[in-house]
Protein chains: 2
Amino acid sequence: MTDSKPNASLTAPSIHGDALPPVEQHAQQYATVRNAHETELIEDYVELIGDLLTHRGEARAADIANRMAVSQATVSKMIRRLNELELVTSKPYRSLFLTEAGQKMAETSRARHDIVLHFLRALGVKDATARIDAEGMEHHVSDETLDIMQRFTEQQQKS
Amino acid sequence: MTDSKPNASLTAPSIHGDALPPVEQHAQQYATVRNAHETELIEDYVELIGDLLTHRGEARAADIANRMAVSQATVSKMIRRLNELELVTSKPYRSLFLTEAGQKMAETSRARHDIVLHFLRALGVKDATARIDAEGMEHHVSDETLDIMQRFTEQQQKS
DNA sequence: CAAACAGTTTAGCCTTGGCTAACAATGTTG
DNA sequence: CAACATTGTTAGCCAAGGCTAAACTGTTTG
């Protein structure tokens, strides 16, 4: 085994800067992040497709490519994946649509995204910055934290 | 050009749920996130190596593998990259050390990480959750937001 | 209605970050 | 000090997510 030097504070929920967390916990932190990364892009695509359908009535590959700042080829490939995952339906050269599962994912993502964005604005972050941060943060915020953020925002708005 | 349907609210800094942001801004959001992803893992490694050096006096590949929940081969490969990037120095079969640049990066990452973690705890998030969320969020929080988080935490501690 | 243009797909390439299996070096200990 | 256990490295595989170039489809328009 490794990690066998000082045995102090293997359990204390102390501040991170003080001591290393126990191996298993530490490992789980990284594993969770790695995991989030796998679904992140998928969720972003589905969320964006949902938004385009809502606000534009259709979701074309070219729009997605523009808004994601990515080549059309990349989008095309990704759509194939989304299809295999049964999140979207698409006929070649036609607009995309979300399946049931896709719609559910889009709503969830949209909701998370909005909670984080509103929270950041309530905290006092400038709009442009809040948007960028929210885009990055949304996939890494637990339900627990999300809940707290939402309550915080509501609280703020009352005053 | 694409994106040519309704022309309303192309500039209003409205809430995301209401309308799509202008293409350029939207594109920049995604680009920023993609960019963060490229440096994220590197920073995690460097940060962890720094922590191990501080708290254990040495940083062995096996420790890193354990704490990241990743195979030793993966760590070994990554160390080669860190070497090329001149962030660590390493002699085969020996402990790692950080270069100047590596130390600077480790400190910065550590500081960001702590600010986010403390902020989440100050918000009322449970320790275990806060740690996981902080690990995921730290790379996506702008300096502006970081600043606000820090002030919020200090404020909270006074009361 | 044919040509030109815009949009989409396919093919083929690259890098990253995982993995396992096999091998090499180091360290510990009977 | 030899054998074994631990640690580190290398080789070779895979999937994901980018890219460009080229081929194909659909739409608009002279």
Close residues, residues 30-45 of chain B, relative to DNA chain D [heavy-atom separation under 4.0 Å]
B/Arg34
Output yes when at least one side-chain N/O atom of B/Ser71 is less than 4.0 Å from OP1 or OP2 of C/dG18, else no.
no
Rounded off to whole Å, could you give me the CZ-to-P distance for the A/Arg67 and C/dG7 pair?
15 Å
Tell me the interatomic distance from B/Arg60, atom CZ, to D/dG8, atom C1', rounded to whole angstroms.
9 Å
Pair A/Asp127-A/Arg121, salt bridge (charged side-chain N to carboxylate O under 4.0 Å, His left out): steps then yes or no:
CA-CA 7 Å; A/Asp127 181 75; A/Arg121 288 155 66 91; 2.2 Å; yes
Quick check on the 6.0 Å ring-centre criterion: do B/His37 and B/His140 meet it?
yes
Donor-acceptor pair between A/His139 and A/Glu40 side chains, under 3.5 angstrom:
no
Please report the distance, rounded to the nearest Å, between CD in B/Glu58 and P in C/dG27.
10 Å
When all nucleic acid strands are considered with a 4.0 Å heavy-atom cut-off, which category describes B/Val70: base, sugar-phosphate, or nothing?
sugar-phosphate
Looking across every strand, which nucleic acid part, if any, lies under 4.0 Å from B/Ala61 by heavy atom: base, sugar-phosphate, or nothing?
sugar-phosphate
Answer yes if A/Val33 and B/Val46 sit in the same cluster of Ile, Leu, Val, Met, Phe, Trp and Tyr residues linked by side chain heavy atoms under 4.5 Å apart, and no otherwise.
no
Just wondering, are more than 12 heavy atoms of other shown residues or ligands nearer than 6.0 Å to CD in B/Glu86?
no
Given D/dG8, C/dG17, D/dC24, the nucleotide with the shortest approach to the side chain of A/Tyr93
D/dC24
Kindly say if A/Arg81 contacts the phosphate of D/dA15, meaning a side-chain N or O under 4.0 Å from OP1 or OP2.
no
Atom CD of B/Gln72 to atom C1' of C/dT26: distance rounded to whole Å?
13 Å
Return the angle between end axes of the helix from C/dC1-D/dG30 to C/dG30-D/dC1, with five pairs used per end and rounding to 10°.
0°
By ring-ring contact (aromatic ring centres under 6.0 Å, His included) - contacts of A/Tyr45 (at least two apart):
none
Regarding B/Asn83 and B/Thr89, do their side chains bring together a donor and an acceptor under 3.5 Å, going by distance alone?
no
B/Thr74 side-chain N/O to C/dC19 phosphate OP1/OP2 under 4.0 Å:
yes
Keeping the roles fixed (side chain from B/Ser109, backbone from B/Ala106), state whether a donor-acceptor pair exists under 3.5 Å.
no
Between CG of B/Asn66 and P of D/dT7 the distance, given in whole Å, is 8 Å
Please tell me which of B/Ala73 and A/Ala69 maps to the more 5' nucleotide of DNA chain D, matching each residue to the nucleotide holding its nearest heavy atom.
B/Ala73
Salt bridge check, A/Glu47 against A/Arg110: does any charged N sit closer than 4.0 Å to a carboxylate O?
yes
Under 4.0 Å between a side-chain N/O of A/Arg80 and OP1 or OP2 of C/dT9, yes or no?
no
To the nearest angstrom, the CG-P distance between B/Leu85 and C/dT15 comes to 14 Å
Looking at A/Arg112 and A/Asp143, does any basic side-chain N land under 4.0 Å from a carboxylate oxygen?
yes
CE of B/Met78 versus P of C/dG18: gap in Å, rounded?
7 Å
Quickly work out the A/Arg94 CZ to D/dC24 C1' distance and round it to whole Å.
15 Å
